Amino acid sequence: MPELPEVETVRRGLQPALEGARFDRVLARRPDLRWPLPKDFVQRLEGKTVKGLGRRAKYLLADLSSGEVLLMHLGMSGSFRVFHDGRKRKPGRFHHERNKQLTHDHIVFAMSSGATVTFNDPRRFGFMKLVPRAGLEQEPLLRSLGPEPLGNAFDAAMLAQACRGKKTSLKAALSDQRVVAGLGNIYVCEALHRARLSPKRKTSTIASRSGAPNDQAERLVAAIRAVLEDAIEAGGSSLRDHRRTDGEVGYFQHHFRVYDREGQHCVTPGCAGTIRRIVQTGRSTFFCPVCQK
DNA sequence: CCGCGGGCCTGAGAGC
DNA sequence: TGCTCTCAGGCCCGCG
């Protein structure tokens with residue numbers, strides 16, 4: 001559920017607590033998230049300083065003084081919380097929330113900034129990994145990622161080239177991180193609606209045979225950028241238990257035009273359509289069959 | 001290489 | 001009220 005706008009919101013929330021600060025104490029409360037943590041995970045962090053906190057697609061990247069990068073992914077249900085209380089807390093006093101939540105606080109960072117940062121992830125689809133900064137582009141998790149949709153390099157020509165000759169649906173193509181990185185189910189649905197393109201449309205139809213972009217490609221790029229920018233502006237979306245790092249909720253879920261709106265009226269001006277839900281490659285797709293062609 | 005589907009994992013919510 | 005079932009969707013991997 002955390003997609004690019006949520007991860008970017010988390011990054012902005014973590015930045016003041018982490019950047020320029022040292023890991024005074026690290027707690028790994030269980031040895032595995034999605035994958036086992038390295039045995040020396042704690043030692044490789046403690047005493048190191050975070051030089052910068054960046055983001056690539058849905059990954060957070062903390063650049064460490066040791067020359068390593070701490071790669072973090074929220075998976076489906078991961079969330080960070082930042083507690084500012086000035087004093088360093090003893091283990092066991094890290095948490096002042098209810099026990100149910102505490103059991104899923106898997107990683108705790110006590111920072112020299114005075115902040116305590118907790119990583120909570122009930123379903124453990126998220127993970128942390130330490131990789132050398134030198135040759136970061138060789139990292140398997142990052143290597144095949146497509147362009148950043150909010151970056152300068154992402155334009156209709158690039159998208160059309162990536163979509164050229166593809167036989168799958170537009171829904172599947174936009175969900176593919178190799179085509180464009182950072183979209184998930186929600187924002188793919190929202191972007192396609194804004195672009196008035198059907199999720200069932202064959203991907204290759206947004207490019208000419210030579211790979212040149214057409215009007216649909218232009219619309220799609222504009223829609224992707226717009227929906228991501230709007231969502232970041234709103235602090236991301238909070239569905240179920242996803243929260244920002246300060247515990248507050250984002251507001252973008254109130255601006256969904258199709259996602260989880262099955263049976264409701266289409267909000268496109270002048271459109272009398274009703275939002276439908278279908279399943280594509282095992283995932284729910286929400287769209288308006290009237291204005292999305 | 002490509003595309004599809006299974007698996008991982010837990011909690012919320014529906015239905016009986 | 002309480003049990004069981006389904007669904008949510010990030011990403012990897014194996015299969016054809």
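Atom set for the values below is all heavy atoms of this structure, side chains included, hydrogens, waters and symmetry mates excluded. Computed from a prediction, not measured in an experiment: that's the story for all the values here. Per chain, numbering begins at 1; letters A, B, ... match sequence-line order.
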Colleague: Whole angstrom is fine here: how far is it from CZ in F286(A) over to C1' in dA8(C)?
Modeller: 10 Å
Colleague: Between dC7(C) and dG5(B), how far is it from one P atom to the other, in whole Å?
Modeller: 16 Å
Colleague: Using the ring pair (Phe, Tyr, Trp, His ring centres under 6.0 Å) criterion, which residues pair with F287(A)? Sequence neighbours excluded.
Modeller: none
Colleague: Rounded to the nearest 0.5 Å, what's the gap from OG1 on T268(A) to CD on Q292(A)? Could you check?
Modeller: 7.5 Å
Colleague: So, E148(A) side chain and A57(A) main chain: donor-acceptor pair closer than 3.5 Å or not?
Modeller: yes
Colleague: What is the distance, rounded to the nearest whole Å, between atom CD of E190(A) and atom P of dG9(C)?
Modeller: 12 Å
Colleague: Roughly, in whole Å, what's the span from CD in Q280(A) to C1' in dG9(C)?
Modeller: 14 Å
Colleague: Pick one: which of R133(A), R44(A), K51(A) meets salt bridge (Lys or Arg N to Asp or Glu O under 4.0 Å) with E68(A)?
Modeller: R44(A)
Colleague: What is the distance, to the nearest angstrom, from the CZ atom on R124(A) to the C1' atom on dG11(B)?
Modeller: 14 Å
Colleague: Of the options F125(A), F127(A), F41(A), which is the one that meets W35(A) in a ring-ring contact (aromatic ring centres under 6.0 Å, His included)?
Modeller: F127(A)
Colleague: Pick the P atom in dC12(C) and in dG11(B), then give their distance to the nearest Å.
Modeller: 24 Å
Colleague: Calculate the interatomic distance between F125(A) atom CZ and dG11(B) atom P; express it in whole Å.
Modeller: 12 Å
Colleague: Please state how far atom CZ in R30(A) lies from atom C1' in dC8(B), giving the value in whole angstrom units.
Modeller: 13 Å
Colleague: Could you check whether the rings of Y251(A) and H254(A) sit parallel, tilted or perpendicular, using 30° and 60° as the cut-offs?
Modeller: tilted
Colleague: Would you say dG11(B) has OP1 or OP2 under 4.0 Å from some side-chain N or O of H104(A)?
Modeller: yes
Colleague: Flag yes if more than 12 heavy atoms outside N152(A) fall under 6.0 Å of its CG atom; otherwise flag no.
Modeller: no
Colleague: Is Y259(A) near enough to dG9(C) that one of its side-chain N or O atoms lies under 4.0 angstrom from OP1 or OP2?
Modeller: yes
Colleague: For DNA chain C, please output the secondary structure as dot-bracket, reading 5' to 3'. Pairs are Watson-Crick or G-U wobble, both atom distances under 3.5 Å; mark crossing pairs with [ ], other-strand partners with |, unpaired with a dot.
Modeller: .|||||||.|||||||
Colleague: Over how many whole Å does the gap from Q253(A) atom CD to dG9(C) atom P extend?
Modeller: 15 Å
Colleague: Could you check whether the rings of F80(A) and F119(A) sit parallel, tilted or perpendicular, using 30° and 60° as the cut-offs?
Modeller: tilted
Colleague: Dump every N/O contact between nucleotides 2-5 of chain B and the protein below 3.5 Å, one line per pair.
Modeller:
{"unit_1": "dG3(B)", "atom_1": "OP2", "unit_2": "K166(A)", "atom_2": "NZ", "d": "2.9"}

Colleague: Expressed as a whole number of angstroms, how long is the span from R123(A):CZ to dC7(C):P?
Modeller: 14 Å
Colleague: Rounded to the nearest 0.5 Å, what separation is found between the CG atom of L220(A) and the CG atom of L174(A)?
Modeller: 5.0 Å
Colleague: Which salt bridge (Lys or Arg N to Asp or Glu O under 4.0 Å) pairs, counting each pair once, include a residue from residues 184-201 of chain A, with sequence neighbours left out?
Modeller: R194(A)-D230(A)
Colleague: Looking at every strand, decide which applies to R277(A) at a 4.0 Å heavy-atom threshold: base, sugar-phosphate, or nothing.
Modeller: sugar-phosphate
Colleague: Can you check whether S284(A) has a side-chain N or O nearer than 4.0 Å to OP1 or OP2 of dC7(C)?
Modeller: no
Colleague: Grab the two heavy atoms, one from T245(A) and one from G13(A), that are nearest each other, plus how far apart they are.
Modeller: OG1-CA, 3.2 Å
Colleague: For nucleotides 11-13 of chain C, give me every protein contact, N/O to N/O, under 3.5 Å, one pair per line with atom names.
Modeller:
{"unit_1": "dC11(C)", "atom_1": "OP1", "unit_2": "H73(A)", "atom_2": "NE2", "d": "3.1"}
{"unit_1": "dC11(C)", "atom_1": "OP2", "unit_2": "K58(A)", "atom_2": "NZ", "d": "3.3"}
{"unit_1": "dC11(C)", "atom_1": "O2", "unit_2": "R34(A)", "atom_2": "NH2", "d": "2.8"}
{"unit_1": "dC11(C)", "atom_1": "N4", "unit_2": "R283(A)", "atom_2": "NH2", "d": "3.1"}

Colleague: Would you please name every residue forming a salt bridge (charged side-chain N to carboxylate O under 4.0 Å, His left out) with R276(A), sequence neighbours left out?
Modeller: none
